[in-house]
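Below is one structure; the comments refer to it alone.
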Amino acid sequence: MTNKTFDRRKFIVASGAAAGLAGFPAIVRAQSAKIKVGLMLPYTGTFAPLGVAIENGFRLALLEAGGKFAGREIEFSKVDDESDPAKSTDNVNKLVTRDKVDMLLGTVHSGVAAGMIRVTREAGTLHIIPNAGFAPATGPLCAPNIFRTSFSNWQSGFAMGTVMAKRPKVNNVVTLSWRYAAGEECVKGFKDAFLKASGKKIAKELWIPFPNVEFQALLTEIASIKPDAVFSFFAGAGAGKYLKDYAQAGLMKSVPLVGPGFLTDGVLEGMGGVAEGVETALHYGDGIETPKNKAFRLSYAKTYKLQPDVYAVAGYDSGLLYAAGLNAVKGDISKKAELIKAMEKAKIDSPRGAWTLSKAHNPIQDHYLRKVRGNENRVSEIAVKALDDDPTMVAACKMPA
Ligand code: PHB
């Protein structure tokens, strides 16, 4: 890691010289060069809208900071990761090895994030995960240079499980999710909370490969089981298709559909109200009546002519977290240990409510119960306050000093 830091300084000084700053002391040259931020996000496929919202959110934080973080301009390099785990290593190397970015922001899909972490742990590149809830990232694979501004998949499943565990009429639940890390970890979180209450059981766990959306046979099976509720993890365009198919199968009224908030976040517009009443749990909701959230929503809508969602918030908060680190070192990225310390201690004044990081670099945050009303995920109550991660992950993170 020391060698990598040294290389990066050499790189910064070299680009300062190239920019005609050769007559200035090295530190001035280093601080005059632009900071390189790599965006590795999905810009095509089922998660494309999520990637765009994350980038928009990050850029909004930069815009609101006057276009610079700690007086430093930012230069972006972008890679479309296509939510394809098989291409992850090649894609992350384009940013880490070829472009030598100072900070890598990415990504959405847990399987792709797994490949990114393998590279950034080794290279020591500062890495902010703005979505992927991949459990090991803040568990056995935790590292000083890896931060997550979003959630662990387990957290959102656990929050919904906590709510359902208290409902006397919900005893028999079917789960149906994409079969990959995110779906599996959400379902684990749900079960960890739900099955703690007496009399609760999972009638059946149903799975479909990512990113398939052929739900018919599975919905027919649910209709025949007649559970008290269905818990599902889907997101992005796939979630939209699922909600439509669930309604079309006539299940919306007879079998309540619940899930982590990804099921309904950023997908309600143009759906003709099919998801009305669907309840989900998440660390964000549309009707949070704080000055910070109101200002954020207004600013985002004005800038992009779009309504923000949880992904936009994560991008925005990633900008705030990085700015907190950069401000502490006055933009001198060669002071990496200090920068990391400041990020670890940051209290982020977020549209979602204030949050801090756990020792494993995962947000500790309130989770809300939300209900779909029109195009919004309206907050109805706090599902779990200041929720930390899966205790097995917390214990598995041995953060090197
Ligand atoms: C994930 O792969 O971890 C993931 C993807 C999309 C979401 C949430 C989690 O909305």
Does any N or O in the side chain of R72 come within less than 3.5 Å of the main-chain N or O of A33, such that one atom is a donor and the other an acceptor? yes
Partner of P260 under side chain to side chain contact (heavy atoms under 4.5 Å, CB included), chosen from F190, F151, F233: F233
Would you give the length of the straight line joining atom CG of L39 to atom CG of L104, rounded to the nearest 0.5 angstrom? 8.5 Å
Between P49 and Y311, is any pair of side-chain heavy atoms under 4.5 Å apart? no
Are any of the side-chain heavy atoms of V255 and K226 separated by less than 4.5 Å? no
Does the Q155 side chain pair with the main chain of S152, one donor and one acceptor, at a distance under 3.5 Å? yes
Classify the angle between the aromatic ring planes of F47 and H109 as parallel (below 30°), tilted (30 to 60°) or perpendicular (above 60°). tilted
Side chain to side chain donor-acceptor pair (under 3.5 Å): pairs with one or both residues in residues 228-240, sequence neighbours excluded: S232-Y242
Just by modelled atom types, is the L141 backbone N or O under 3.5 Å from a matching donor or acceptor in the R121 side chain? yes
Parallel, tilted or perpendicular: which describes the rings of Y180 and W178, with under 30° parallel and over 60° perpendicular? tilted
Give a yes or no on whether the backbone of I288 and the side-chain of N293 come within a donor-acceptor separation of less than 3.5 Å. yes
Between the main-chain N or O of A135 and the side-chain N or O of E185, is there a donor-acceptor pair closer than 3.5 Å? yes
